[in-house]
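Take a look at the structure set out below.
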Amino acid sequence: METAQCPHPVRLYVYDLSRGLARRLSPVMLGKQLEGIWHTSIIVFDEEFFYGGGGITSCLPGGTMLGEPDSVVDLGNTEVTEEIFLEYLSTLGESGFSGESYHLFDNNCNAFSNEVAQFLTGKKIPTYITELPSEVLSTTGTLDIPLISPPHMD
């Protein structure tokens, strides 16, 4: 008789790539308040999985160059086995999440985390993270500081 597979906890690590600068400078630079520039990763099976220009990568939790996350979101548990998960990641790496398919706004670490979270738990990551690119792109993107024109030379 087989023993039941224990559920495995799934967490989302959230890092602010701006280290607080987005919160302070976004009202001036974008005309709207942003709380951070988010990078995310999925923690499952005692590893941190993330996506970037080099493709899908993993390390020990908190072992990226970003160090410890700014916040951790509990996404629930998964019944997916590690073997099935690693096969799934391999397939993702060959299709939509290869290093060459990385795009800062459309196919980034947060899109990867959202996809993996749904596979493992059926839940999406928080919308304040996934909607950040469209929020930034919807701004005028101009500084609210008057620019001085150079004198007109005749």
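All residue numbers refer to positions in the sequence shown, counting from 1.
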*Report the distance from atom OH of Tyr13 to atom CD of Glu68, rounding to the nearest 0.5 Å.*
6.0 Å
_Non-neighbouring partners of Glu87 that pass side-chain contact (heavy atoms from CB on, under 4.5 Å), sequence neighbours left out_ = Glu83
*In Å, rounded to the nearest 0.5 Å, how long is the span from CG of Asp70 to OG of Ser18?*
8.5 Å
*Considering residues at least two apart in sequence or located in another chain, which fulfil the side-chain contact (heavy atoms from CB on, under 4.5 Å) criterion with Thr78?*
His8, Val10, Val44, Val80, Leu120
*Residues in side chain to side chain donor-acceptor pair (under 3.5 Å) contact with Asn114, at least two apart in sequence or another chain*: none
*Closest heavy-atom contact between Ile43 and Pro61?*
CG2-CG, 4.0 Å
_Filter on side-chain hydrogen bond (donor to acceptor under 3.5 Å, both in side chains), then keep only pairs touching residues 123-134, sequence neighbours left out; what's left?_
none
*With sequence neighbours left out, write down each residue that passes side-chain contact (heavy atoms from CB on, under 4.5 Å) with Thr57, or none if nothing qualifies.*
Phe50
*Looking only at atom types and distance, does a side-chain atom of Asp16 sit under 3.5 Å from a main-chain N or O of Trp38, one as donor and one as acceptor?*
no
_ring-ring contact (aromatic ring centres under 6.0 Å, His included) contacts in which one or both residues fall within residues 61-83, not counting sequence neighbours_ = none
_Selection residues 59-78 - residue pairs positive for ring-ring contact (aromatic ring centres under 6.0 Å, His included), sequence neighbours left out_ = none
*asked:* Ignoring hydrogens, what is the shortest heavy-atom contact between Ser95 and Ser101? Give both atom names and the distance.
replied: O-OG, 4.3 Å
*Report yes or no: does Tyr51 contribute a side-chain atom to a donor-acceptor pair with the main-chain N or O of Gly93 at less than 3.5 Å?*
no
*Looking at residues at least two apart in the chain, or sitting in another chain, which of them share a side chain to side chain donor-acceptor pair (under 3.5 Å) with Ser41?*
Glu48
_For the CG atom of Asn107 and the OG atom of Ser98, what is their distance to the nearest 0.5 Å?_
8.0 Å
*Shortest non-hydrogen contact between Asn77 and Pro7, atoms and distance*: CB-CB, 3.7 Å
*Find the distance between CG (Leu86) and OG1 (Thr81) and round it off to the nearest 0.5 Å.*
8.5 Å
*Please tell me if the side chains of Thr64 and Tyr15 come closer than 4.5 Å, counting only heavy atoms from C-beta onward.*
yes
*Does Phe119 have any ring-ring contact (aromatic ring centres under 6.0 Å, His included) partners at least two apart in sequence or in another chain, and if so, which?*
Tyr88
*Set of residues satisfying side-chain contact (heavy atoms from CB on, under 4.5 Å) with respect to Ser90, sequence neighbours excluded*: Glu94
*Search all heavy atoms of Ile37 against all heavy atoms of Leu34 and return the closest pair with its distance.*
CD1-CD1, 4.3 Å
*Do Leu12 and Pro126 touch side chain to side chain, with heavy atoms closer than 4.5 Å?*
yes
*salt bridge (charged side-chain N to carboxylate O under 4.0 Å, His left out): which pairs involve residues 20-37, sequence neighbours left out?*
Arg23-Glu35
_Restricting to side chain to side chain donor-acceptor pair (under 3.5 Å), what partner residues turn up for Ser71, sequence neighbours left out?_
none
*Mind checking whether Phe45 and Phe85 have parallel, tilted or perpendicular rings, split at 30° and 60°?*
tilted
*Side-chain contact, heavy-atom cut-off 4.5 Å: Phe112 with Ile125?*
no
*Same cluster for Ile42 and Leu60 if Ile/Leu/Val/Met/Phe/Trp/Tyr side chains link at under 4.5 Å?*
no
*Do Val73 and Ile129 have side chains that get closer than 4.5 Å, going by heavy atoms?*
no
*Cys109 SG to Leu17 CG distance, which is reported to the nearest 0.5 Å*: 7.0 Å
